[in-house]
Amino acid sequence: MSNPKGIMRLELLHSGKANDVYTTSDPRYLEIEASDRVSAGNGEKKSTIAGKGLANSRISSDIFKYLESYGIPTHYAGNGSTPSSMLVKKADMIELEVICRNKALGSFTKRYPCATNYVLSQPLVEYTYKNDNKDFPQYSDPPIDRKTIVALGIASELEVQFMDFITTRVNELMTDYYATRLQVQLVDFKIEFGRIPSSHGNIVICDEVSPDTCRLIDFSTGESFDKDRFRNSMDDPSMGYRTLLKRLTGEVI
Ligand code: 5GP
């Protein structure tokens, strides 16, 4: 199997909660195959949603291209060798989840006494320390402040400033993207960053930017179109993915 650049997909390198990562014939690149697997609560709740992989991969690829067109550095390198995959630049992942919030929902309302859906006076960028190690559940993705990130050597002060700046800009761009192209409001999202070894350790956005990593609310009905449908055991968790894909590409799954 080869992608449009003629790079061959080789071996499975890593099977994550929702995506499978493959090596390729060019050591600078990997392929990410988005699967229909879905999990929540750090893997405690698991299932599959038919068509989710295709929808997420199409949306993620389209957003990466859109962000790149505005000068935001990402790992996206082109289509993969299957309809639900993308070719990406190999990166050394930074062990952080970077979250940006426009409204108070989810874990934020469990930490602070504020009303659900409270509109924050300005977008808020927060960090969590990425830890999926089941032997240390007490450390499951704890919030981490900027000084601790630097003190633990996870990223330098300059890199943290860069991630703050890029995340804030991505929020502006994705808010506009989702509103104008998909008629949904971006409530919050999570992104991850990595360093590209073949490019002097330059930092780029990695992983995915899809309805699995955002909260999206339909402007006309107020319905949730993202993974919260599954997290909160709502009716038909596939509905959001199907609707968003149809709005983006016209495809019906
Ligand atoms: P919260 O901290 O409220 O649970 O999540 C904030 C935002 O980040 C939501 O859009 C959520 O989807 C995303 N997010 C936070 N942690 C994770 C994670 O571990 N996996 C995924 N897929 N999304 C996450």
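From a predicted model like this one, the values you see are computed outputs, not experimental measurements. Read the numbers this way: they start at 1 and go in the same order the structure lists the ligands and their atoms.
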Practice prompt. Report the part of Cys214 in contact with ligand 1, treating N, CA, C, O as backbone and CB onward as side chain, heavy atoms under 4.0 Å; options are side chain, backbone, both, neither.
Written response: backbone
Practice prompt. Could you tell me whether Val187 approaches ligand 1 through its side chain, its backbone, both or neither, with non-hydrogen atoms closer than 4.0 Å?
Written response: neither
Discussion item. Would you say Ser210 and Asp212 are linked by a side-chain donor-acceptor pair, where the criterion is simply a distance under 3.5 Å?
Written reply: no
Worksheet item: Quick one: which ligand 1 atoms are inside 4.0 Å of a heavy atom on Glu97?
Response: 16 (N), 17 (C), 18 (C), 19 (O)
Practice prompt. Validate the cation-pi geometry between Arg9 and Tyr22: distance from NZ or CZ to the six-membered ring centre under 6.0 Å, angle to the ring axis within 45°.
Written response: yes
Discussion item. So for Arg101, does at least one of its heavy atoms come nearer than 4.0 angstrom to any atom of ligand 1?
Written reply: yes
Fill in: Modelled atom types, side-chain donor and acceptor of Glu31 and Ser81, under 3.5 Å
yes
Worksheet item: Is there a donor-acceptor contact under 3.5 Å linking the side chains of Asp26 and Thr24?
Response: no
Discussion item. Quick check on contacts: which atoms of ligand 1 are under 4.0 angstrom from a heavy atom of Asp212?
Written reply: 12 (O), 21 (C), 22 (N), 23 (N)
Worksheet item: Of all heavy-atom pairs between Met86 and Asp207, which one has the smallest distance, and what is that distance?
Response: CE-O, 3.6 Å
Worksheet entry | Closest non-hydrogen atom pair between Pro237 and Ile49, with its separation | CB-CD1, 3.7 Å
Fill in: Geometric cation-pi criterion Lys45 and Phe230, 6.0 Å radius, 45° cone
yes
Practice prompt. Between Arg231 and ligand 1, find which residue part has any heavy-atom pair under 4.0 Å and reply side chain, backbone, both or neither.
Written response: side chain
Worksheet entry | For Ser107, atoms of ligand 1 separated by under 4.0 Å from a heavy atom | 1 (P), 2 (O), 3 (O), 4 (O)
Item to complete: For Lys227, counting its heavy atoms only, list the atoms of ligand 1 lying under 4.0 Å from any of them.
Response: 22 (N)
Discussion item. Counting only heavy atoms from other residues, nucleotides and ligands, does the tally under 6.0 Å from CD of Glu251 exceed 12?
Written reply: yes
Worksheet, complete the sentence: So the atoms of ligand 1 within less than 4.0 Å of a heavy atom of Arg215 turn out to be 1 (P), 3 (O), 4 (O), 5 (O), 6 (C), 9 (C), 10 (O)
Worksheet item: Near Leu105, which atoms of ligand 1 are under 4.0 Å from a heavy atom of that residue?
Response: 3 (O)
Discussion item. At less than 4.0 angstrom from any non-hydrogen atom of Gly106, what atoms of ligand 1 do you find?
Written reply: 3 (O)
